[in-house]
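The structure appears below as structure tokens.
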Amino acid sequence: MNILLTLVSPLSLVNETLLRVGRAIGAVAIALMVLAILVQVFFRYILNNALPWPDEAARFCMMWMTGLMAPTAFRRGGFVAIDMLLYSLPRTIAGVINLILLSLSFIVLVVAVQIGWGEVTGFGGRFTTASLYVPLSFDFTQWLRVPRSWMMASLLVGVILLLSVNIELILRTLVKLFGGEDRLPIIEAASIGGSE
Amino acid sequence: MLIWFLPLFLIFLLVGLPVFFGLLAAPGILLFLNGQEKDITLLYRNVYNGMDSFPLMAIPFFMLAGELMNKGGITIRLVEFAQALMGHLRGGLAHVNVLSSMLFAGLSGSAVADTSALGSMLIPAMEKQGYSRKFAAAITAASSVIGPIIPPSGIMIIYAYVMGESVAALFLAGIVPGIMVGLGLMLMVKFMADKYDFPVASRKYTWPERGQASLKAFFPLMTPVIILGGILVGVFTPTEAAAVAVAYALIIGFFVLRTLTLKDIPDILTRAGLTSSVVMLLVGAAMAFKTVVSLSHAPEQLAQFILSLSENPLILLFLINILLFVVGMFLDAGPAIIILGPILGPIFISLGVDPIHFAIIMSVNLTVGLATPPMGLVLFVASAVSGERVEAIARAILPFLAVEVVVIFLITYIPAISMTIPRLTGFAN
Amino acid sequence: ADYKLRATANSNENDEDYDGLVVFKNYVEAASNGAIEVELFIGTQLCSNGAECLQGVADGTVDIYISTSGGASGIFPYVQVLDLPYLMADDRIAEQVLSGDFTRTMRDMALEDSGDAIRLMTIGNTGGWRNFANTKRRVAEPADMEGLKIRTVVADLPQELVKAMGASPTPIPWPELFTSFQTGVVEGSKNGITDIMGMKFPDAGLQYLTLDGHAYMGALWWMSNETFMEMPEDMRRVVVDGFYALQQATFASPKRKSIQAYEDFVAGGGDLYVPTPEQKEAFKVSAAPVYDWFKANVTRGDVIFEALTTAVAEAEVEVNAARAADLN
Ligand code: NA
Ligand code: NA
């Protein structure tokens, strides 16, 4: 168990740090989404001149918000699940089942990371976005059309972070099974949420 | 062969695998066993594509608006306004609870937000007046389902997205059903108040006092007017309306009520982002799931099965009511809509049920499911807010659920309840 | 079946894409004696837009896919040449052009750009011709377009065109378009008549239609090159002939469908206006800046522009010769 604990603590710290950065960027992203759409409403309704980019720029931010923030929710136990059975079973059995479930999600995420990498670096990533450009030079004379891969990377980063969290959760469940729960670094609890 | 992913998914779900992973693991495993490894890529791709959508953006926006309004002290003004109108009645605070939920529903698209915002304020207040804690929690939970029925509504945004309907039409169709649920609950409160001699909350307010309270609640109460008015008059699309609601909440929070500070903002953004990111992933995974539903030709087989039960839409609708009610007991409304909408919707539309009407039947039915035991999201929130056990709330809520079931049947069999407003405004045929 | 082809179209079963696919499926399955099976997925069940579906074609999760030029422009920007206004005069010219080497030129370019992954099989039609329609007034000449908010997809070329006409391009997602007309978020669009009637846009106030026919609504039929090339030559021949039958079906279907659509439009009180040759010439003049924009800004735009204009010139000669021969 000591080996497990020495593995959990640094991984926990790494995840904690990465996810804090993720949350910060995600918070900025959601603010930018609002801003982009408000700019669109203003230009179209007040100036009668709709802009091509706000829709796509806002979606760009939304995808990154999701990729960077969902792992925090996963780590804090905020993913929707029917946990009735797990609560009604004895601790040890529940722990074993939980371990099996986490291994299943581990496999899902490993496959997702592999496919995600292929998607971002493959053919689909070579499409361009329809309306997003970034300046290539400081005098704004050269512009690069943003490739779709920049946007697709959001989900790849998301599943990589989810995988890292998943590994931590597996280790934590093992530690709990061996009775070392009180020695684990604490994770903040999720608030209940959903589209409902 | 491939169709076995449906029972496998159900097993995963019941054992406790998070819905997101279940939606991917079950079809993924079956595709693999079926020798269709290539199609697993399709699964991943549709998670991404399912999320990459403009209409869905309304969900984080309305969440953000809700967070801002709550933090900005808007909730308390709504409650005070409700109290000025109904506090003097027998069972006053129970009525206030229901009315506040109806008012809150016009600002927020979420029953969870409703329960936690109003519950944390009203449950202790009701207890102080002598209501039992479980009753207070139960009426809070029961009335909070109005949140996603009266627009705006996260559930209806998801339904519209998945089924290709107009968000605006669904919003408009939800107004009357939402009010009916509220009035129905008030009738039940009145009945119980007379029977059990509930306390009144306050003396009767004078009309000038009521005017004062409504003035204080004026700016928050303008939110639904701006959202719906803006959509109806054509200033903006529903997604844009959601962004405008955020801006409006910021303006009242900072400049009118002056209850927000810049310090609050990062936390509010983070909370809204965290909740919506989970919903987004879920929608994405459900769209991927839907792809495999198509590949397996499950809808055709299910449609055949359903039509073999009966060809009378009225009987089938009754069966669907029951099915949805049972599903709602175990699954949250969002995931349930994404999974079942594409399977059930086309069958009923082909039987002549209006798509908007069916959307409302499904949304209201599953929303009420949020307050049904054993797996009711708002029951859990009400339990967390009140400190009362879920089982106790679940028993106390039964009379209110009975009212809501009656409303569901009325909505199902009288299309005019939901269709009149969208028809009059030209948003439905 | 030895070969299973998975074909998808993001439209619905009332669309000419579906007509084409039914003809294709029927021909290929019969002519291959059942060796090839075609499975149809209509709608967004497998993928929901050009980028997603073409990605599927590239990796073989989708074998056959029909995109509009807008849908493929994210990876093959030059296909937008079909959206250039007023280059092809009528159906007869367009069909002649698209049946010839122009399509092969475009196929080679796309194969090159996709690393031999995506093969353009044929170009048919989806919805006839694009026309300007609006909720405000009759548009008889370019000046009438001034200030109208016209819905376009998020792509450069249609936006440039709308701007060139003095109108204001407004990107609105297709499912939001009905309510956007109704509420005045946008005041016009550029679509074919079958789409306009299929979506019941006149009910939302879209009552003024000008038959300027500014662009042929080309339907690009793509196939996974790997799937195709892995078939033996006799099967490939069946597939190629199947696409020929499909092309013919999609040429014919919109013509048949639009009759009822136009009748319904007028019966519903719609104002249908056919511009005079002079007015049409004026539209063409206002649109002219778009050609230069296309050649200067779109990757390999000059090459494809040249290919199309050459093909059109040849087609005009051939069609005129054929017509002359038939007249007497
Ligand atoms: Na609401
Ligand atoms: Na309530």
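Reminder, nothing fancy here: chain letters follow the sequence lines and each chain counts from 1.
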In Å, rounded to the nearest 0.5 Å, how long is the span from CG of A:L32 to CG of B:L269?
10.0 Å
So do A:M63 and B:M51 actually touch side chain to side chain, heavy atoms under 4.5 Å?
yes
Measuring from B:Y44:OH to A:L156:CG, what's the distance to the nearest 0.5 Å?
5.5 Å
Quick one: which of A:I97, A:I107, A:L109 has the most heavy-atom pairs under 4.5 Å with chain B, could you say?
A:L109
Given heavy-atom pairs under 4.5 angstrom as the criterion, report whether the side chain, backbone, both or neither of B:F61 touches chain A.
side chain
Do A:E119 and B:T41 touch side chain to side chain, with heavy atoms closer than 4.5 Å?
yes
Atom OH of residue position A:Y133 - does it have more than 12 heavy atoms of other residues, nucleotides or ligands inside 6.0 Å?
yes
Checking heavy atoms, do the side chain of B:L366, its backbone, both or neither come under 4.5 Å from chain A?
neither
Relative to chain B, which of A:A36, A:G26, A:A24, A:G116 shows the most heavy atom pairs under 4.5 Å?
A:G116
Could you tell me which of B:V19, B:L13, B:L24, B:D52 has the largest number of non-hydrogen atom pairs under 4.5 Å with chain A?
B:D52
What closest approach, in Å, do A:M69 and B:T270 show between heavy atoms, and which atom pair accounts for it?
CE-O, 3.5 Å
Just so I understand: if I count every heavy-atom pair under 4.5 Å between each of A:N98, A:V28, A:L101 and chain B, which residue has the most?
A:L101
Scanning both residues in full, the closest heavy-atom pair of A:I30 with B:P60 reads CD1-CB, 4.0 Å
Could you report the tightest heavy-atom contact between A:V34 and B:A243, atom names first, then the distance?
CG1-O, 4.1 Å
Residue pair A:I37 / B:F236, side-chain heavy-atom distance below 4.5 Å
no
Residue selection (most heavy-atom pairs with chain B, distance under 4.5 Å) from A:D55, A:V41, A:L86
A:D55
Heavy-atom proximity to chain A below 4.5 Å, by part of B:V15
both
Between A:E56 and chain B, which part of the residue has a heavy atom less than 4.5 Å away: side chain, backbone, both or neither?
neither
Any idea which heavy atoms bring A:A73 and B:V278 closest together, and the distance?
CB-CG2, 3.2 Å
What's the spacing between A:M33 CE and B:M57 CE if we round to 0.5 Å?
5.5 Å
For A:W143, does the CH2 atom sit with more than 12 other heavy atoms under 6.0 Å from it, leaving out its own atoms?
yes
Is A:L155 in contact with chain B via its backbone, its side chain, both, or neither, using a 4.5 Å heavy-atom distance?
both
For each of A:T72, A:V159, A:L104, A:L89, tally heavy-atom pairs with chain B at distances under 4.5 Å, and name the one with the top tally.
A:L104
Below 4.5 Å from any heavy atom of chain A, which atoms of B:T367 appear? Answer side chain, backbone, both or neither.
neither
Let's test your reading of the structure: which of B:P266, B:S53, B:S276 forms the most heavy-atom pairs below 4.5 Å with chain A?
B:S53
For the CZ atom of A:R44 and the CD atom of B:E240, what is their distance to the nearest 0.5 Å?
4.0 Å
Where does B:I265 contact chain A at under 4.5 Å (heavy atoms): side chain, backbone, both or neither?
neither
Counting C-beta onward and ignoring hydrogens, is there a side-chain heavy-atom pair between A:R59 and B:L56 closer than 4.5 Å?
no
A:F79 and B:F21, any side-chain heavy atoms less than 4.5 Å apart:
yes
Distance (rounded to the nearest 0.5 Å) between B:L274 CG and A:F74 CZ:
14.5 Å
Quick one: which of B:F12, B:F54, B:F20 has the most heavy-atom pairs under 4.5 Å with chain A, could you say?
B:F54
Do the side chains of A:L162 and B:L281 get nearer than 4.5 Å, heavy atoms only?
yes
Considering only heavy atoms and a distance below 4.5 Å, find which of A:M151, A:R23, A:Q114 pairs most often with chain B.
A:M151
Kindly give the heavy-atom pair with the smallest separation between B:A25 and A:V108, and that separation in Å.
CB-CG2, 3.7 Å
